[in-house]
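Excluded from the calculations below are hydrogen atoms, water molecules and symmetry mates; all remaining heavy atoms, backbone and side chain alike, are included.
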Amino acid sequence: MAASLGPKPLVAVGQVTSTPDKEQNFSGCEALVRAAARRGACLVFLPEGFDYIGRDSAQTLSLAESLDGDLMARYSKLARDCGVWLSLGGFHERRADWPSTQRIYNCHVLLDPTGRLAAAYRKTHLCDVELEGRVTMKESSFTNPGTEIVPPISTPAGMLGLSICYDLRFPEISLALRHAGAEILTYPSAFTFPTGSAHWEVLLRARAIETQCYVVAAAQAGRNHESRVSYGHTLVVDPWGAVVAQCSEGPGLCYAEIDLEYLRRVRREIPVQSHRRADLYGTVGLQAALSVP
């Protein structure tokens, strides 16, 4: 088989330590995006909470903006100035229902190189967990769940499927995106240390293996404020399940080439998509129940 012509698309994946200071956070993210553009990346990924991480739910709500607010306008200009796609993986979004709900949305924003909004996915699975003595989170106390999975978007690196953090624990969404044509799945995140050290890499590799997609996971890392530390370990996994890029400690970038010829070879050699039994899934015990007189 003839080799593919031209360089493989390069993506850059950012690791940041967001704080409640939105201006400081923007300066740090802007520097990473500009560095990635100089390196030749066509698509730059930033993690959940890239805009800020509040000390409590009251501060989180007070700092939120709409998609047509000042902060997103600045990111649109940044995408335009650098000529890159931006995956902004968890924007605290106020929508039209804010006056009635007093809740926001956790919104994954995708901007194209003209600064145009290419897609917006609102996190559908909210993280309400309590690990006794370690972690307590109740995202639903201040966040509305999204109501739809967004179809994969065509980018220079491939067909990109959008998710956010806790969505990683639900293979149904990754399989739905794969069925819809995704070649890259992205999980911008702000994992805590207890959950990250136990589950982060193994879940990301599992999602890559079962969907035969590249998986890109930008992450928060380090002390966000006095009562929160994030796990970090930003990484990229290939369709075979191998980690091909990873950030070290602290803010920074890692880079990966997206090889769609390799992805297609993996899918040809183990064609799990064509082996799926959609006629059976979701029907466990159904026939037995129907046969009971």
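- Note that OG of S18 and CD1 of I53 are 5.0 Å apart. Values are rounded to the nearest 0.5 Å.
- For the side chain to side chain donor-acceptor pair (under 3.5 Å) condition, the pairs that include at least one residue of residues 198-208, sequence neighbours left out, are R169-H199, R207-E210.
- A donor and an acceptor atom, one from each side chain of D21 and T19, are nowhere located under 3.5 Å apart.
- Within the model, atoms CG of L117 and OG of S76 stand 7.5 Å from one another, a figure rounded to the nearest 0.5 Å.
- The closest donor-acceptor contact from the side chain of Q59 to the backbone of R55 lies under 3.5 Å.
- When all heavy atoms of G14 and L32 are compared, the pair lying nearest together is CA-CD1, 4.5 Å.
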**Report entry** Verdict with reasoning, T211 to L185, per side-chain contact (heavy atoms from CB on, under 4.5 Å)
**Finding:** CA-CA 9 Å; T211 63; L185 301 175; 3.6 Å; yes

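- Under the 4.5 Å side-chain criterion, counting only non-hydrogen atoms from C-beta, C127 is in contact with E139.
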Query raised in the report: Run the side-chain contact (heavy atoms from CB on, under 4.5 Å) check on N144 and T101 step by step: do they pass?
Result: CA-CA 8 Å; N144 290 312; T101 69; 3.4 Å; yes

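- Taking the six-membered ring where tryptophan is involved, the planes of F50 and Y75 are perpendicular, since the angle between them exceeds 60° and thus also 30°.
- The side-chain tip of R39 points at the ring of Y255 from less than 6.0 angstrom away and within 45° of straight on.
- In this structure the side chain of K22 never reaches within 4.5 angstrom of the side chain of F26, judged on heavy atoms.
- In plain terms, the two heavy atoms of G158 and L260 that are nearest each other are CA-CD1, 4.1 Å.
- W98 belongs to a hydrophobic cluster with L61, I104, F142, counting contacts under 4.5 Å between side-chain heavy atoms of Ile, Leu, Val, Met, Phe, Trp and Tyr, direct or through other members.
- Through direct or relayed side-chain contacts under 4.5 Å between Ile, Leu, Val, Met, Phe, Trp and Tyr, L175 connects to no other residue.
- Taking the side chain to side chain contact (heavy atoms under 4.5 Å, CB included) definition, one finds that R116 meets it with D112, T114, A118, sequence neighbours left out.
- F45 and F191 fall within the same hydrophobic cluster, where Ile, Leu, Val, Met, Phe, Trp and Tyr residues are linked whenever their side-chain heavy atoms come under 4.5 Å apart, directly or through other members.
- Checked for salt-bridge contact, R95 and D97 miss the test: no charged N lies under 4.0 Å from a carboxylate O.
- Note on R122 versus E93: salt bridge recorded, some NZ/NE/NH1/NH2 to OD/OE distance being below 4.0 Å.
- In summary, the side chains of T60 and S57 do not present any donor paired with an acceptor at a separation below 3.5 Å, with no hydrogens or angles considered.
- Y187 and V109 fall into different hydrophobic clusters, where Ile, Leu, Val, Met, Phe, Trp and Tyr residues are linked whenever their side-chain heavy atoms come under 4.5 Å apart, directly or through other members.
- Contact of the N106 side chain with the F91 side chain is not registered, since no non-hydrogen atoms from C-beta on lie closer than 4.5 Å.
- Here the closest heavy-atom approach between residue A182 and residue P152 is recorded as N-CG, 3.7 Å.
- In this structure, the side chains of V244 and V237 stay at 4.5 Å or more apart for every pair of heavy atoms.
- Within 6.0 Å of CD on E226 lie more than 12 heavy atoms contributed by other residues, nucleotides or ligands.
- The nearest pair of heavy atoms linking L67 to A120 is CD1-CB, 4.5 Å.
- Smallest separation of non-hydrogen atoms from A256 and V236: CB-CG1, 3.9 Å.
- Residues V84 and A41 approach most closely at CG1-O, 3.4 Å, considering heavy atoms.
- Here the straight-line distance linking atom CZ of R103 with atom CG of L126 works out to 10.0 Å at 0.5 Å rounding.
- Applying the side chain to side chain donor-acceptor pair (under 3.5 Å) test to pairs two or more places apart or on separate chains, those with a residue in residues 231-245 are Q15-T234.
- Side-chain N or O atoms of R228 include none that pairs as donor or acceptor with a backbone N or O of G54 at under 3.5 Å.
- Side-chain contact between P47 and V16: present, with at least one pair of heavy atoms (C-beta onward) separated by less than 4.5 Å.
- In this structure, the separation between OG on S163 and NZ on K123 is 10.5 Å, given to the nearest 0.5 Å.
- Cluster membership for I173 and I164, using ILVMFWY side-chain heavy atoms within less than 4.5 angstrom, is shared.
- Using modelled atom types, one finds a donor on one side chain and an acceptor on the other under 3.5 Å when comparing N224 with S230.
- Listed by first then second residue, pairs satisfying salt bridge (Lys or Arg N to Asp or Glu O under 4.0 Å) with a partner in residues 70-84 read E23-R74, R34-D81, K77-D81, not counting sequence neighbours.
- The CG atom of L160 sits 5.5 Å away from atom OG1 of T155, with the distance rounded to the nearest 0.5 Å.
- Separation of atoms CH2 (W85) and CG (L111) is listed at 9.5 Å; rounding is to 0.5 Å.
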**Report entry** Test log, rule side-chain contact (heavy atoms from CB on, under 4.5 Å), inputs L235 and C247
**Finding:** CA-CA 6 Å; L235 55 80; C247 283; over 6 Å; no

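- Ring centroid separation for the pair H125 and Y166 does not come in under the 6.0 Å cut-off.
- In this structure, P9 and C42 have side chains that are in contact, with non-hydrogen atoms separated by less than 4.5 Å.
- The ring of H92 has its center closer than 6.0 angstrom to the ring center of Y52.
- Between L110 and L88 the shortest side-chain heavy-atom distance does not fall below 4.5 Å.
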Query raised in the report: Going through the checks in order, is the side-chain contact (heavy atoms from CB on, under 4.5 Å) test met by H108 and S87?
Result: CA-CA 7 Å; H108 187 159; S87 162; 2.7 Å; yes

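- Remark: the backbone N or O of D259 is paired with a side-chain donor or acceptor of Y214 at under 3.5 angstrom.
- Put simply, L46 and M72 are part of the same group of oily side chains (I, L, V, M, F, W, Y) that touch within less than 4.5 Å, one to the next.
- Taking 4.0 Å as the cut-off between side-chain N and carboxylate O, E183 and R178 do not count as a salt-bridged pair.
- The same ILVMFWY cluster, assembled from side-chain heavy atoms under 4.5 Å apart, contains both V11 and V243.
- Judged by distance alone, with hydrogens and angles left aside, the side-chain atoms of Q212 form no donor-acceptor pair with the main-chain N or O of R268 at under 3.5 Å.
- Using modelled atom types and a 3.5 Å distance limit, the side chains of Y121 and D167 yield a donor-acceptor pair.
- In terms of modelled atom types and a separation under 3.5 Å, the side chain of E48 and the main chain of S189 share no donor-acceptor contact.
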